[in-house]
Amino acid sequence: MALDKPYQDIPGTIIFDAEQSRRGYWLNQFCMSLMKAENRERFKADERAYLDEWAMTEEQKQAVMARDLNWCMRTGGNIYFLAKIGATDGKSFQYMAATMTGMTQEEYMQMMLSGGRSAEGNRYIGENGDAQAHNQPQGKSHPKKEA
């Protein structure tokens, strides 16, 4: 049974807690495998075949193939492990973060240089700030699924 988690009311935020860690164990192990050049080569040669070697859920595999990091995180991925996918694709962490917000790299960089996303309207789910799921392309395309 899940513990009371008041932090789940923070829009645009997935907390990597013990439950998420268990959910994403094999997804994160797959990501760590990409630290080895031979595994990166095998993954790039046939993504599906390589993913099928891991005890991940079908949803996790689909999220990886779509390169939808928000979806990966909802299925238990940790951003520090998921960064290995971006590195395998030759993408910067800034690029990856921008895709998670629906912004271009330039827009994301300017937002961060200007102090980051405003807390106004983003303190709890139900406000109408830009971090709210209904204002994010990822929130519309892949609604949160309960495990």
Side-chain angles (χ1 to χ4, degrees), residues 1-36 39-40 43-44 47-48 50-147:
M1 178 184 291
L3 300 172
D4 180 40
K5 299 180 181 182
Y7 52 78
Q8 288 187 335
D9 196 30
I10 304 168
T13 302
I14 297 169
I15 305 296
F16 190 75
D17 59 8
E19 187 175 340
Q20 283 292 94
S21 178
R22 284 188 299 277
R23 179 179 294 135
Y25 180 80
W26 289 112
L27 169 59
N28 293 316
Q29 290 297 305
F30 150 74
C31 290
M32 289 304 291
S33 78
L34 298 176
M35 292 181 66
K36 293 184 177 180
N39 292 337
R40 290 190 299 271
F43 175 63
K44 288 168 31 174
E47 290 187 10
R48 183 61 202 216
Y50 190 73
L51 289 170
D52 284 342
E53 295 178 19
W54 297 89
M56 297 162 51
T57 67
E58 181 61 27
E59 182 180 11
Q60 289 170 328
K61 293 173 186 180
Q62 291 297 319
V64 169
M65 290 187 295
R67 299 304 195 269
D68 186 327
L69 299 177
N70 289 324
W71 191 8
C72 287
M73 289 177 65
R74 284 193 302 275
T75 64
N78 179 292
I79 191 59
Y80 296 106
F81 296 119
L82 296 170
K84 310 297 189 261
I85 299 170
T88 297
D89 290 340
K91 305 293 185 188
S92 69
F93 197 84
Q94 179 177 299
Y95 171 87
M96 294 171 60
T99 68
M100 294 173 74
T101 62
M103 297 180 188
T104 65
Q105 277 191 83
E106 182 65 28
E107 290 168 334
Y108 181 79
M109 181 182 69
Q110 288 305 315
M111 177 190 69
M112 296 307 289
L113 289 172
S114 299
R117 183 173 273 160
S118 169
E120 191 61 36
N122 292 313
R123 293 172 295 238
Y124 58 87
I125 293 174
E127 291 183 303
N128 197 29
D130 57 359
Q132 300 284 328
H134 63 275
N135 290 327
Q136 292 289 308
Q138 298 87 352
K140 293 174 189 166
S141 64
H142 297 292
K144 180 181 177 188
K145 295 180 181 170
E146 297 303 319

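Just so you know, residue 1 is the first one in the sequence shown, and it goes up from there. Computation of the quantities below employed the complete heavy-atom set of this structure, encompassing side-chain atoms and omitting hydrogens, waters and symmetry-equivalent molecules. Worth saying up front: this structure is predicted, and the values here are computed from it rather than measured.
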Tightest non-hydrogen contact, residues Ile14 and Asn70, listed as CD1-O, 4.1 Å
Are the side chains of Phe43 and Leu51 in touch, meaning some heavy atoms are under 4.5 Å apart? yes
Could you measure the distance from the CE atom of Met35 to the CZ atom of Phe81? Nearest 0.5 Å is fine. 10.0 Å
Measure across Leu82 and Met96 and return the closest heavy-atom pair with its distance rounded to 0.1 Å. O-CE, 3.6 Å
On a heavy-atom basis, which atom in Arg23 and which in Thr75 lie closest, and how many Å separate them? CG-O, 3.2 Å
In Å and rounded to the nearest 0.5 Å, what is the SG to CE distance from Cys31 to Met56? 7.0 Å
By side chain to side chain donor-acceptor pair (under 3.5 Å), which residues pair with Ser33, not counting sequence neighbours? Tyr50
The test is side chain to side chain contact (heavy atoms under 4.5 Å, CB included); show your working for Ile15 and Gln20 and say whether it passes. CA-CA 8 Å; Ile15 305 296; Gln20 283 292 94; over 6 Å; no
Residue pairs passing the salt bridge (Lys or Arg N to Asp or Glu O under 4.0 Å) test where at least one lies in residues 98-107, sequence neighbours excluded: none
Name all residues meeting the side-chain contact (heavy atoms from CB on, under 4.5 Å) criterion together with Arg48; count only those two or more places apart in sequence or in a different chain, and write none if there are none. Asp46, Asp52, Glu58, Lys61, Gln62, Met65
side-chain contact (heavy atoms from CB on, under 4.5 Å) partners of Ser21, counting only residues at least two apart: Phe16
Separation between CD1 of Ile85 and CG of Leu69, rounded to the nearest 0.5 Å: 6.5 Å
Checking Asn28 side chain against Asn78 main chain: does a donor-acceptor pair fall under 3.5 Å? yes
What class does the angle between the rings of Phe30 and Trp54 fall in, given that below 30° is parallel, 30 to 60° is tilted and above 60° is perpendicular? perpendicular
Using the test side-chain contact (heavy atoms from CB on, under 4.5 Å), find all partners of Gln94 that sit at least two apart in sequence or belong to another chain. Ser92, Gln105, Tyr108, Met109
Sequence neighbours excluded - salt bridge (Lys or Arg N to Asp or Glu O under 4.0 Å) pairs with any residue from residues 80-91: Arg67-Asp89
